[in-house]
> 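Following this message is one structure expressed as structure tokens.
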Amino acid sequence: HGAQVVLTGRTRATLEDVAASIGDKAFVQPADVAKEADVLALRDAVLGKFGQIDVLVNNAGVNAIFKGIERTSLEEWQAIIDVNLTGVFLCCKYIGGAMGKGGSVINVSSVAGHTGLLRSVPYCASKGGVELLTKALALDWATKGVRVNTLAPGWVDTDLTHGLLKHDVHGQRLRARTPMGRFAAPDDMAGGVVFLASD
């Protein structure tokens, strides 16, 4: 759709593969969204290259650990909160905060931000936090003309979920509860993101 796209994540090789599939409008800038210094460096690099930021899509995430809270360590809890919620906070604060009027922030949440999932307390808590962070920030930034929205998909077949969704028992159960009888693909999210990014 004509956008210059800056891809970020922790693994340069993965980013470069995706950038190659997009073409010359895609640029790579590795960063760990859970680290403040990385997010500041990302912001500065993007502003240095393009002079402005129009759209921010917060899509970094780590999956649930699928075990009860009694067996969930503080380190496991913190790792999920750091990426899924603190990463959104840092990117909104520094990258979204650099936007001018007409900017759009799209935070990718999950159905898990609206309803509990079995043995997924840290993940559900992180996505519920993204939902309310988005609502509060939308109020704060409305007066400066920056829109803040959430895209909250159900089960999407990605590297993070593929094992569960292909499981003989759990995958069939989840598919049976899905109205279309299939899991979403990452491409299914593209239309929603483009719409929310558009004027």
Side-chain angles (χ1 to χ4, degrees), residues 8-11 14 30-39 42 56-96 105-141 148-190 192-193 196:
T8 193
R10 292 181 289 200
T11 310
T14 302
D32 182 340
V33 298
K35 294 181 179 175
E36 187 173 34
D38 280 19
V39 175
L42 172 63
L56 167 64
V57 180
N58 282 310
N59 190 42
V62 291
N63 206 0
I65 52 175
F66 299 112
K67 60 184 179 183
I69 195 168
E70 302 89 348
R71 293 176 47 237
T72 302
S73 70
L74 179 59
E75 291 77 17
E76 289 168 326
W77 163 271
Q78 199 64 59
I80 290 172
I81 296 297
D82 283 350
V83 173
N84 293 1
L85 183 55
T86 304
V88 172
F89 163 77
L90 290 172
C91 289
C92 286
K93 175 180 171 113
Y94 294 117
I95 298 171
V105 175
I106 304 152
N107 296 325
V108 178
S109 178
S110 167
V111 67
H114 297 268
T115 187
L117 300 179
L118 205 58
R119 292 183 298 280
S120 301
V121 167
Y123 185 75
C124 292
S126 72
K127 293 302 185 175
V130 169
E131 292 287 327
L132 284 174
L133 181 154
T134 301
K135 291 175 182 182
L137 192 57
L139 294 174
D140 287 354
W141 285 357
V148 186
N149 289 285
T150 302
L151 191 67
W155 291 98
V156 181
D157 193 355
T158 67
D159 290 344
L160 291 176
T161 61
H162 190 73
L164 176 69
L165 300 185
K166 294 300 179 193
H167 189 274
D168 290 343
V169 175
H170 301 302
Q172 289 181 18
R173 180 179 56 82
L174 292 171
R175 189 178 297 107
R177 294 175 48 196
T178 304
M180 291 187 75
R182 70 169 180 88
F183 301 120
D187 285 350
D188 291 327
M189 305 303 111
V193 171
L196 292 171

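When a residue number appears, it is its place in the shown sequence, counting from 1.
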> Which pair of heavy atoms, one from Pro122 and one from Thr72, lies closest together, and at what distance?
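Looking at all heavy atoms of both residues, the shortest contact is CG-CG2, 3.9 Å.
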> A quick test of your reading: do over 12 heavy atoms of other residues, nucleotides or ligands sit less than 6.0 Å from CD1 of Ile69?
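Not more than 12 within 6.0 Å, no.
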> List the atom of Glu131, the atom of Gly113, and the distance in Å for their closest heavy-atom pair.
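Shortest heavy-atom contact: CG-O, 3.9 Å.
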> Quickly, which of Asn149, Asn59, Thr134 forms a side chain to side chain donor-acceptor pair (under 3.5 Å) with Asn107? Name it, please.
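Of the listed residues Asn149, Asn59, Thr134, the side chain to side chain donor-acceptor pair (under 3.5 Å) partner of Asn107 is Thr134.
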> Take Cys91 and Leu56 through the test side-chain contact (heavy atoms from CB on, under 4.5 Å) and record every step on the way to the result.
CA-CA 8 Å; Cys91 289; Leu56 167 64; 4.2 Å; yes
> Grab the two heavy atoms, one from Pro153 and one from Ser109, that are nearest each other, plus how far apart they are.
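The answer is CD-O, 3.8 Å.
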> Restricting to salt bridge (charged side-chain N to carboxylate O under 4.0 Å, His left out), what partner residues turn up for Asp140, sequence neighbours left out?
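So Asp140 forms no salt bridge (charged side-chain N to carboxylate O under 4.0 Å, His left out) with any residue.
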> Can you tell me how far the CG atom of Leu85 sits from the OG atom of Ser126, to the nearest 0.5 Å?
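Reported to 0.5 Å precision, the distance equals 6.5 Å.
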> Backbone N or O of Val62 within a donor-acceptor pair of the Asn84 side chain at under 3.5 Å?
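Looks like yes, one N/O pair under 3.5 Å.
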> Atom CG in Leu90, atom CG in Asp38: separation rounded to 0.5 Å?
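Output value for this atom pair is 10.0 Å.
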> Drop me the distance from Cys92's SG to Trp141's CH2, to the nearest 0.5 angstrom.
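Output value for this atom pair is 5.5 Å.
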> Check the pair Asn58, Val105 against side-chain contact (heavy atoms from CB on, under 4.5 Å), reporting the backbone distance first and the verdict last.
CA-CA 8 Å; Asn58 282 310; Val105 175; 4.2 Å; yes
> Quick check: do Val121 and Trp77 have side-chain heavy atoms less than 4.5 Å from each other?
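In short, these two side chains touch, coming nearer than 4.5 Å.
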> Report the residues that fulfil side chain to side chain contact (heavy atoms under 4.5 Å, CB included) with Phe89, sequence neighbours left out, ordered by chain and then residue number.
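Result, side chain to side chain contact (heavy atoms under 4.5 Å, CB included) vs Phe89: Lys93, Leu133.
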> Is it the case that atom CZ in Arg173 sees more than 12 heavy atoms from other parts of the structure closer than 6.0 Å?
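More than 12 within 6.0 Å, yes.
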> List the steps and the verdict of side-chain contact (heavy atoms from CB on, under 4.5 Å) for Met189 and Val108.
CA-CA 10 Å; Met189 305 303 111; Val108 178; over 6 Å; no
> Listed by chain and number, what are the salt bridge (charged side-chain N to carboxylate O under 4.0 Å, His left out) partners of Glu76, not counting sequence neighbours?
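Salt bridge (charged side-chain N to carboxylate O under 4.0 Å, His left out) check on Glu76 returns Lys67.
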> Distance from Leu137 atom CG to Thr150 atom OG1, nearest 0.5 Å?
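Answer for the CG-OG1 pair, Leu137 versus Thr150, is 10.0 Å.
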> Let me confirm one number: the CG-OG1 distance from Asp32 to Thr11, rounded to the nearest 0.5 Å.
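Nearest 0.5 Å value for the CG-OG1 distance: 10.0 Å.
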> Is the shortest heavy-atom distance from the side chain of Val39 to the side chain of Glu36 under 4.5 Å?
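SC-SC contact between Val39 and Glu36 ruled out.
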